[in-house]
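Working notes, beginning with the structure itself.
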Amino acid sequence: MPQPLLTLFVCLLCSLGSPQLHAQLENVSANDQGIVIRGGDAGARFTVNGEVVEATPIDDGVLLAVEPGIQLIKSGKQTELYHLSKDMGEGRLRHIPLWLSIFPPLIAIGLALIFKEVIISLFAGIWVGAFIAGGLRFEFFLGVIKSLLATIDTYIINALNDSGHLSVIVFSLMIGGMVAIISRNGGMAGVVHRMSKYATNPRRGQFVTWLLGVAIFFDDYANTLIVGNTMRSVTDRFRISREKLAYIVDSTAAPVASVAFITTWIGAELGYIGDGIDQVEHFAGTTPYAIFIESLKYSYYPILTLVFILYLIYQRRDYGPMFTAETRARTTGMVKRVSTEEAAVSEQEDLDPVPGAPLRARNAAIPVLTVVVMTIIGLLDTGLTSLSASLDTPMNTNDWGTVWSALDGGFFAKLGLTIGAADSYTALLWASMSGVVVALVLTVSQRIMNVEQTIGSLTAGFKAMFSAVMILTLAWALALTTEELHTATFLIELLGEALNPYFLQPVIFVLAAVVSFSTGSSWSTMAILYPIAIPLTWTVAMLAGWDEPDAAGLLYNVISTVLAASVLGDHCSPISDTTILSSLASDCNHIDHVRTQLPYALTVGTVALLCGFLSTLLGGGWTVCLSLMAAGLIVLYFVVKIFGKKMEMDL
């Protein structure tokens, strides 16, 4: 059994013996106004689905006025999950064991890894989640049918009825269309021809892929789609497996985007960090951007991952399933494992250059650079526009220079405020649309294709992205079930009980990784954990008698840990959006990508966890962190040296 699944099963078994999770609030029932707790104390503090609800005294207890649906009730140390039906009568209120909330992602991930088919596995997870969220109501099997119908009319529709999700879909379609145009107009072939001067053997081909992945630092989605599609032809020439290409693409995208200074990640990260530090008086007046910069010295997983890839490339070594995939590609020329069934249903469009197309690299480079520049412009424009409206004295102009001058602080403080206020989805939409327009104009103006042919290539690119859109939509729908069932709450209560300051960092690392793996979203994990982990860390450190500078160092470590472990869980999860897009852009079987990437991600994650733990024990600081980073790099070098098997057929 894969290690992450084994971990989840162990967590599940542990939960069965957890009295805190099993102890129901006694004498709970329902009436036409809400939930009645007989014998309940009217002075007690009750929260329902994260919001404080006033308990109204009644004859024999208290009444919580709530709407029908899933209700997570907390009182003191007790946490219970209930389903309140719209229908009156016996059985209207149904208790749901909180440990069942882990079932939907566990089933989806397990089926995907066992049967190597993602769509039906995700659908099964949503179906199970809908059934549990419906109150486990069989009703002569009608409840099972209703939950099946709810997968489409509730969860999939709600997944699509989200502006952020729609922005990602449109962005992905536009990038797919742009790639199709620059492939058909010969631009992509021109890039491959230019890169062939540098990528002259398998090792250099992988290095160029890594270099391009680091260079496109501004967004993980754009990174995966551009690098995967661009480098596929180059790596195929040297019989580099699609699994290895997908790994390099996936493992350079999020790590570099998560720690770079100007990315689509920064706005979300700063918002989450800001929510957490608002609860810590010590950091009053400190900007989230300044705290983010301080936390970078603890960013072990992203940095170690980027260097680990270089070790694999330059030592020409691999291990585990990746070595098998690389051996297959080098010896047989089969760059990906293709079964008869997969070949029969292949949806890859013909993206070869049209006859007579000039192989000009600029026809691909200019649209890609347009995407890069427009993303940065979009982040700055939307950020400064938002800030101009929120200043103490609102300005009548959105002129960049004027708004920038009105902001408080130095350059980095202003930059942090701007990126934090930016709308990353709008920036990505502007960038992708601009890239398509530039690619279209370049193609038509040079008479490589006429307008009809160019639009035909654009729609072919849309069609090539359809599988990814389906999988993304199902993954988002599954995430809705985990959100509705409060899966993260279960995992936090299960794993988050260690209150020794020295063990907070490793506990939060494991917790963030498991939540990210289970939900398939690093951003959701950060949104859930930052507001909890930041005040918790500070409180625990203060209660343990730590000095404020030491407590601040631990807090920076935990902030970096949540980010790093979220990326780790994202890398390991078959239901992660970036993992899905990496597979598609690299034209690699999705489960093969997950299976081959998993050992590498867990190797680096283990070393990163140990470095983070030791940095707390040794007091933190730049000297300690850099020393531990160097030690981690040495350990990973010898891991590759000892456990990796050399590709003797490489030049």
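All values below come from the heavy atoms of this structure, side chains included, with hydrogens, waters and symmetry mates left out. Sequence positions, counted from 1, serve as the residue numbers for this chain.
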(request) Determine whether Phe103 and Leu485 make a side-chain contact, defined as any pair of heavy atoms from C-beta on separated by less than 4.5 Å. (result) no

(message) Would you say that Val249 contacts Met231 through its side chain, given a criterion of any heavy-atom pair below 4.5 Å between the two side chains?
(response) no

(message) Closer than 3.5 angstrom, by distance alone: can the side chain of Ser560 be matched with the main-chain N or O of Tyr556 as a donor-acceptor pair?
(response) no

(request) Measure the CG-CG distance between Leu504 and Leu554 for me, rounded to the nearest 0.5 Å. (result) 6.0 Å

(request) Please check if the side chain of His165 supplies one atom and the backbone of Thr473 the other of a donor-acceptor pair under 3.5 Å. (result) no

(message) Nearest 0.5 angstrom please: Leu379 CG to Leu428 CG, how far?
(response) 7.5 Å

(message) Is it the case that the side chain of Ser583 and the backbone of Thr579 share a donor-acceptor pair, with hydrogens and angles ignored and the cut-off at 3.5 Å?
(response) yes

(request) Of all the heavy-atom pairs spanning Ile70 and Ala133, show the shortest one and how long it is. (result) CD1-O, 3.4 Å

(request) Please examine the side chains of Trp476 and Asp577, heavy atoms only from C-beta on, and report whether any two atoms are closer than 4.5 Å. (result) yes

(request) Using salt bridge (charged side-chain N to carboxylate O under 4.0 Å, His left out) as the criterion, point out the one residue from Asp592, Asp236, Asp250 that pairs with Arg242. (result) Asp236

(request) Using the test side chain to side chain donor-acceptor pair (under 3.5 Å), find all partners of Tyr319 that sit at least two apart in sequence or belong to another chain. (result) Thr603

(message) Please check if the number of heavy atoms outside Gln315 that lie under 6.0 Å from its CD is greater than 12.
(response) yes

(message) Distance check, rounded to the nearest 0.5 Å: Met322 atom CE versus Leu312 atom CG?
(response) 8.0 Å

(request) With the side chain counted from C-beta on, respond yes when Tyr600 and Val604 share a heavy-atom pair under 4.5 Å apart, and no when they do not. (result) no

(request) Take Asp587 and Val335, measure what side-chain contact (heavy atoms from CB on, under 4.5 Å) needs, and give me the verdict at the end. (result) CA-CA 10 Å; Asp587 190 21; Val335 293; over 6 Å; no

(request) Could you pull out the closest heavy-atom pair between Pro574 and Phe517, with the gap in Å? (result) CD-CE1, 4.2 Å

(message) Would you say that Val607 contacts Tyr300 through its side chain, given a criterion of any heavy-atom pair below 4.5 Å between the two side chains?
(response) no

(request) Locate the shortest heavy-atom distance separating Met433 from Met174; write the atom from each residue and the value. (result) SD-CE, 3.2 Å

(message) Determine whether Leu626 and Lys297 satisfy the following criterion, side-chain contact (heavy atoms from CB on, under 4.5 Å), listing intermediate values before the conclusion.
(response) CA-CA 7 Å; Leu626 291 177; Lys297 58 179 174 282; over 6 Å; no

(request) Would you check if the side chain of Glu326 reaches a backbone N or O of Ser241 as a donor-acceptor pair within less than 3.5 Å? (result) yes

(message) Go through it in stages, so that I can follow the logic: the residues are Val368 and Met178, the test is side-chain contact (heavy atoms from CB on, under 4.5 Å), and I'd like the CA-CA distance, side-chain angles, deciding distance and then a yes or no.
(response) CA-CA 9 Å; Val368 170; Met178 184 191 78; 4.2 Å; yes

(request) Check the pair Leu304 / Leu633 against side-chain contact (heavy atoms from CB on, under 4.5 Å), numbers first and verdict last. (result) CA-CA 7 Å; Leu304 293 178; Leu633 292 173; 3.5 Å; yes

(request) Give the intermediate values and the outcome of ring-ring contact (aromatic ring centres under 6.0 Å, His included) for residues Phe613 and Phe503. (result) CA-CA 7 Å; Phe613 177 58; Phe503 290 98; 5.6 Å; yes

Let me have the donor-acceptor pairs involving side chains of residues 154-161, under 3.5 Å, with sequence neighbours excluded, atom names and distances please.
unit_1, atom_1, unit_2, atom_2, d
Tyr155, OH, Glu484, OE1, 2.6
Asn158, ND2, Thr154, O, 2.9

(request) Taking Ser573 for its side chain and Asp570 for its backbone only, find out whether a donor-acceptor pair lies under 3.5 Å. (result) no

(message) Just verifying a value: how many Å separate Asn557 CG and Ile559 CD1, rounded to the nearest 0.5 Å?
(response) 10.0 Å

(request) Might you point out which heavy atoms bring Ala130 and Thr151 nearest each other, and give the distance in Å? (result) CB-CG2, 4.4 Å

(request) Provide the closest heavy-atom pair for Ser432 versus Phe171 in the form atom of the first, atom of the second, distance. (result) CB-CD1, 3.5 Å

(request) Measure the shortest side-chain to side-chain distance between Leu478 and Leu474 over non-hydrogen atoms and say whether it is less than 4.5 angstrom. (result) no

(message) Donor-acceptor check, side chain of Ser516 to backbone of Ala512, threshold 3.5 angstrom: yes or no?
(response) no

(request) Give, for atom CG of Leu584 and atom CE of Met470, the distance between the pair rounded to the nearest 0.5 Å. (result) 12.5 Å

(message) Ring-plane angle category for Phe207 and Tyr314, please: parallel below 30°, perpendicular beyond 60°, tilted otherwise.
(response) perpendicular

(message) Between Trp210 and Leu306 (side chain of the first, backbone of the second, donor and acceptor by atom type, cut-off under 3.5 Å), is there such a pair?
(response) yes

(message) For a quick test of reading the model, state the closest non-hydrogen atom pair linking Thr224 to Ala253 and the distance between them.
(response) CG2-CB, 3.6 Å

(message) Working to the nearest 0.5 angstrom, can you tell me the gap between Asp162 CG and Leu480 CG?
(response) 8.0 Å

(message) Quick check against the 3.5 Å criterion: does Arg232 have a side-chain atom that pairs as donor or acceptor with the backbone of Ala585?
(response) yes

(message) Using side-chain heavy atoms (C-beta onward) and a distance below 4.5 Å, is Ser582 in contact with His593?
(response) yes

(message) Taking the side chain as everything from C-beta on, heavy atoms only, tell me whether Leu602 gets closer than 4.5 Å to Cys572.
(response) yes

